[in-house]
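Please read the structure below before turning to the comments.
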Amino acid sequence: MTAVRLTIGLALTAVALSTIRADDWPQWLGPRRDGVWRETGIVVDVPAAPKARWRTAIGAGYAGPAVAGNRVFVTDRLLPEGVQNPANPFARGEIPGVERILCLDDADGRILWKHEYDCPYRISYPSGPRATPLVADGKVYVLGAMGHLNCLDAGSGQVLWSKNFPRDFGAPVPLWGFAAHPLLDGERLICLVGGDGATVVAFHKDTGRELWRSLSSGKLGYCPPTMIEHAGRRQLIIWEPEAVHGLDPETGRPHWSIPFAVRSELSIPQPRLEGDFLFLTSFYNGSLTLKLDRDKPSATVVWKSKSASERPDKTESLHSIMPTPIVRNGYVYGVCSYGQLRCLELATGRRVWETMAATRRRVDGRMEPADDRPSMQTERWANAFLVPQGDRDWLFNEHGDLIAAQLSPSGYKELGRVRIIEPDDPMAGRPVVWVHPAFAHRNIYVRNNREIVSISLAAGK
C-alpha cells in the first residue's frame, strides 16, 4: 500500500512540476522545443490597444527572450560611442562592441544582473546575438554570435564554465555568426560547434567537459540540434549545409545521413516530425521530406523540391529563410522566400494555398499593398513566426504585429491583429523585427533593437 501511495504521489508531483514548467518558455520554441503554446486562459479577442506590463531598454540583437520562473533572460550587443554598424549588412569588417546577457525581474522588467564581455564582430548582419538563452536547473546557457558559450548561475549571473568555439575547436565563424540554439538532453548540452570532426559536440551541462563530438562538414549552418522520438527510439537530428543526419544522442554515433546540399549555408529552420515524415525547408533549395524507418534508425527521401531558386515565380513548395513551419494533421504551414504564407500537403509537397496577408502590414484595416502577390523589390525575406495555441495560431510578423489566426487546409482565417513593438532593424533594407517571441505566464515577451516588452494576453485583463 505504501509503495502504491508513493508511486501515485511521485506521479502527481511529476504532473504538477510539468504543469509549472509548461507555463515557462525557458528556451528556443518553448518548454518542449516544439513551438506550441499550451497555456489556457488566453484572450479570445486580440486587444485593440494592449497595455505593456513593462518595457526595459536594451541593446540590439536577434535573440528571443527566455522566461523561467520569475526571471526573463535576453542577450544584446552594445557598440562603443561613435561606432555604427555598416550600412551594407553583408560587410564583414571588424566592429568593436560587447555582448551582454541580461536577467530581468518578470514582475517589473528591472535588470537584476548582467554579464558582458568584449566581442568584436566579423560577421554579416552584425546587429547582435542570435541564439535564445536556455534555462534549466538553476543555470542559463547562452551562445553568442562569435562562438562564446557561457554557462551561468541563473540567480547571480556568475559564470560557471565557458567555451570559445573558434579558440577551443578551431571552428570557423559562419558568415552570419553562430546561431544554432543549444539543446539540453539529460546531462548533455548539445551544440553546433565546427572544426575537425566537431560539427556537433556534447558538453556536460554542469562542468563543460566534452562528452562526445561527431561529424565533419565543410560548413556549419545555423539549424539547431533537434531531438525526435520515432518508433520508440530517440534520434538527434543534425542538419548542416551538406546533409541531414540521424545520430545516437548518447554517443554521437551517426545512424544515417541523407545528402541535402543548400546554397549559402542556409540550413536554418528546425526540422519537423509528424508520424514517419521528417520535413525540412531552406531558402534557395526549398523542401525535403524524409520517411523514417520504423524497424531501424534510417531514412529515405519521399520528395524534394525541384527548384533551387528562391524567386516566387519559381518556387513550388516552401523556401523558408528563418521561421520554423508548423506541421499538423498531414499539412505544412510556413512562410516562403518573399513572405508567402503557404500550406503544403506533407506527403506530396503539393501546394494547397498561399497568401501574403500574414506578413504584410495593414494601414487603416487594409493590406498594403492590396495585391496578394509578393513584391520582388520590397518583400525579400519577409517573415512571420508561427506559434499554435489551442484551436488557433499566433503569428508575429516582421512589422511588429501580433496576429491571431486559424490555419487549415481550407485557408488562412485572420481573427485579429495589433502592433505590439516597432520594427527598427534596418538590415533588410526596410525596418524589421526578426525575433521569435516568448509566450509564458499568459504573456508575450518580445524585443527589438531598443527595448524588450512584456504584454499580458490573459483573459479578463
Side-chain angles (χ1 to χ4, degrees), residues 21-47 50 62-68 72 74 131-134 181 224 226 268-274 279 281 318 320-329 331-336 339 341-343 355 357-359 382-408 412-421 432-448 452-459:
R21 285 197 300 268
D23 289 341
D24 289 342
W25 195 273
Q27 63 175 329
W28 167 246
L29 295 186
R32 304 186 192 178
R33 210 172 167 97
D34 60 2
V36 178
W37 187 20
R38 291 182 171 84
E39 288 188 302
T40 56
I42 307 303
V43 292
V44 175
D45 299 317
V46 177
Y62 297 110
V67 183
V72 180
V74 68
T132 299
L134 189 161
H181 315 272
T226 303
I268 299 178
Q270 181 167 300
R272 289 295 210 184
L273 176 71
E274 184 176 75
F279 177 82
T281 177
L318 185 65
S320 286
I321 179 71
M322 282 175 283
T324 292
I326 295 171
V327 177
R328 181 170 64 211
N329 300 327
Y331 292 89
V332 179
Y333 306 92
V335 179
C336 204
L341 177 61
R342 285 181 173 174
C343 173
T355 179
T359 58
N383 185 25
F385 297 101
L386 295 75
V387 176
Q389 183 263 326
D391 61 356
R392 60 187 163 176
D393 303 289
W394 292 93
L395 296 85
F396 177 71
N397 72 18
E398 65 176 33
H399 304 292
D401 293 343
L402 178 64
I403 303 169
Q406 290 176 332
L407 309 182
S408 72
Y412 169 81
K413 181 180 179 181
E414 188 165 312
L415 305 175
R417 75 165 67 194
V418 65
R419 176 70 54 86
I420 60 171
I421 201 167
V432 298
V433 52
W434 282 346
V435 175
H436 202 299
F439 294 86
H441 310 165
R442 299 186 178 93
N443 306 315
I444 182 172
Y445 303 77
V446 71
R447 58 87 62 86
N448 58 17
I452 179 171
V453 59
S454 171
I455 296 171
S456 174
L457 295 175

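Treat the numbers as computed from the prediction; the structure is a model and nothing was measured. Just the heavy atoms: all of them, side chains too, but no hydrogens, waters or symmetry mates, feed the values below.
- In this structure, E274 and V332 have side chains that are not in contact, with every pair of non-hydrogen atoms separated by 4.5 Å or more.
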Does the side chain to side chain contact (heavy atoms under 4.5 Å, CB included) test come out yes or no for V446 and L402, once each step is laid out? CA-CA 10 Å; V446 71; L402 178 64; over 6 Å; no

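- The aromatic rings of F439 and W394 are tilted relative to each other, their planes meeting at an angle between 30° and 60°.
- Considering only heavy atoms from C-beta on, T281 stays 4.5 Å or farther from R272 through its side chain.
- You'll find the side chain of N443 stays beyond 4.5 Å of the side chain of V67, heavy atoms only.
- In this structure the side chain of P50 reaches within 4.5 angstrom of the side chain of V418, judged on heavy atoms.
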Step by step, would you call I421 with I455 a side chain to side chain contact (heavy atoms under 4.5 Å, CB included)? CA-CA 10 Å; I421 201 167; I455 296 171; over 6 Å; no

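- Distance alone, capped at 3.5 Å, is enough to place a donor-acceptor pair between the H181 side chain and the T132 backbone.
- Residues P325 and Q270 share a closest heavy-atom pair of CD-O, 4.5 Å.
- With a 4.5 Å cut-off on side-chain heavy atoms, D393 and Y333 do not count as touching.
- No side-chain heavy atom of R38 sits under 4.5 Å from any side-chain heavy atom of D23.
- Counting only heavy atoms from C-beta outward, the side chains of L407 and Y412 approach each other to under 4.5 Å.
- Here the side chains of T324 and W28 are in contact, with some heavy-atom distance below 4.5 Å.
- Looking only at distances, a side-chain donor or acceptor of R442 sits under 3.5 Å from a matching main-chain atom of T40.
- Taken from CD in Q389 to CD1 in I42, the straight-line distance is 5.5 Å, to the nearest 0.5 Å.
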